[in-house]
2 protein chains.
Amino acid sequence: MRSMDVLAGYSARMNSRPAPFDELDRKIVTALMANARTSFAEIGAAVGLSSTAVKRRVDRLRETDVITGFTATVKPSALGWRTEAYVEVYCEGAAPPRRLAEVVRNHPEITAAMTVTGGADALLHVRARDVEHFEEVLERIRTEPFIRKTISVMVLSHLLPESPEAGASNVAPDSAADVR
Amino acid sequence: MRSMDVLAGYSARMNSRPAPFDELDRKIVTALMANARTSFAEIGAAVGLSSTAVKRRVDRLRETDVITGFTATVKPSALGWRTEAYVEVYCEGAAPPRRLAEVVRNHPEITAAMTVTGGADALLHVRARDVEHFEEVLERIRTEPFIRKTISVMVLSHLLPESPEAGASNVAPDSAADVR
DNA sequence: GTTGAAAGCGCCCCATT
DNA sequence: AATGGGGCGCTTTCAAC
């Protein structure tokens with residue numbers, strides 16, 4: 001596992017809230033990120049706690065939204081999603097983020113969207129089955145009310161083991177299939 | 001869950017390999033993406049299979065790399081990672097992807113990296129604790145051998161519920177902390 | 001694909017510090 | 001406030017069918 005060693009020494013709590021997040025929680029979260037199905041007993045053995053204690057801490061980490069969920073990671077390409085692109089969006093006049101968020105939700109192929117610095121108003125991450133499908137998505141996006149222009153950058157190949165967009169339910173195999 | 005309804009009708013298998021991925025596998029994968037800790041028995045009840053059968057299918061889905069892992073999803077901001085940016089990288093002459101991949105692995109703050117179409121040779125996704133940390137990372141990247149220039153786009157706010165980069169072990173709380 | 005049995009685990013209560 | 005132990009029911013796992 002690639003580790004964030006450059007961060008050694010970064011100490012907890014620079015905020016108002018008590019933020020009970022200690023060494024044990026750290027190890028538990030790390031273990032669950034590596035394998036979300038690890039049993040509490042096994043984690044407990046690794047960190048020196050009983051399974052009961054581990055469960056309680058995990059419950060608390062979920063309640064405080066440090067852990068937001070557990071999910072299976074899938075390769076989008078294994079589910080028939082082979083085309084990926086970033087789309088810079090330019091809007092007419094002032095772009096109200098509220099309205100932009102609405103627009104974005106209309107297109108399930110948009111797997112991430114954010115407002116950004118620089119010339120563009122927003123940056124979209126789009127997944128499509130193939131180039132034809134991507135073109136269709138792009139046309140759909142460009143017909144949205146106040147979107148003036150888009151600039152697309154297609155992803156060619158990944159330089160890192162694609163940390164596989166878990167929880168991206170839009171890439172879920174709702175009707176798509178086709179392995180490898 | 002946002003669903004990929006535009007894909008209705010997309011049929012399996014347009015490749016050479018048998019690609020044994022049916023309706024049942026689809027439901028199982030969807031269930032595990034929603035909650036990776038769901039028991040095989042519960043999934044079985046939902047899809048009409050015994051827990052044993054579900055386990056065998058999940059084992060096979062893992063072996064064929066349709067499912068690449070199970071992971072806890074965390075909010076990077078909850079672990080002290082509050083700064084996010086995309087960095088376009090321009091290289092001297094022809095940029096060999098092999099060498100680029102090496103460079104990328106030297107910087108754990110790079111959570112995604114890919115070669116892309118357009119003017120830039122590569123696009124990096126970078127997470128840092130704060131703007132100071134990001135600047136430090138950027139300087140580090142720019143001193144790499146054949147990197148000619150970079151253009152950074154900072155993320156301001158997300159327009160979609162941040163599908164939380166699971167498995168991104170670089171964001172793991174190895175030494176960082178600080179909740180909320 | 002199923003069932004059945006053994007081992008392990010999740011989960012809840014309660015005593016302990 | 002947080003941990004550990006015990007008990008019961010469910011889950012996992014592996015056999016056999």
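All values below were derived from every heavy atom in this structure, side-chain atoms included, with hydrogens, water molecules and symmetry-related copies excluded. Letters go in sequence order (proteins before strands), and every chain restarts at 1.
Helix-axis bend for the helix from C:dG1-D:dC17 to C:dT17-D:dA1: the local axis fitted to the five terminal pairs at one end deviates from that at the other end by 30°, rounded to 10°.
Cluster annotation: A:Ile147 and A:Val104 are assigned to the same hydrophobic cluster (Ile/Leu/Val/Met/Phe/Trp/Tyr, side-chain heavy-atom contacts under 4.5 Å, transitive).
The separation between B:Ile43 atom CD1 and C:dG1 atom C1' is 17 Å, rounded to whole Å. The CG atom of A:Asp22 sits 17 Å away from the P atom of D:dA1 (whole-angstrom rounding).
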Counting primed atoms, P, OP1 and OP2 as sugar-phosphate and everything else as base, the B/S/- map of nucleotides 4-17 of chain D against protein heavy atoms under 4.0 Å is BBB----SBBB---
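The only member of B:Thr52, B:Val29, B:Leu49 that meets side chain to side chain contact (heavy atoms under 4.5 Å, CB included) when paired with B:Arg57 is B:Leu49.
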Taking N or O atoms only and anything under 3.5 Å, show me the protein contacts with nucleotides 5-8 of chain C, one pair per line.
none

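Looking at B:Glu102 and B:Arg98, no side-chain N of the basic residue comes within less than 4.0 Å of a carboxylate O on the acidic one, giving no salt bridge. With respect to the salt-bridge test (charged N to carboxylate O, under 4.0 angstrom), the residues B:Arg127 and B:Glu84 qualify. Between A:Arg26 and A:Glu23, at least one side-chain N (NZ, or NE/NH1/NH2) sits under 4.0 Å from a carboxylate O, which counts as a salt bridge. A:Arg60 has a carboxylate O that lies under 4.0 Å from a charged side-chain N of A:Asp25, or vice versa, which qualifies the two as a salt bridge.
When the salt bridge (Lys or Arg N to Asp or Glu O under 4.0 Å) test is applied to B:Arg37, no partner is found at least two apart in sequence or on another chain. B:Glu135 meets the side chain to side chain contact (heavy atoms under 4.5 Å, CB included) test with B:Glu139; sequence neighbours excluded.
Two residues are said to be in side-chain contact when any heavy atoms from C-beta on lie closer than 4.5 Å; A:His133 and A:Thr83 fail this criterion.
Grouped with B:Ile151 in one hydrophobic cluster are B:Tyr90, the linkage being side-chain heavy-atom contacts under 4.5 Å among Ile, Leu, Val, Met, Phe, Trp and Tyr residues.
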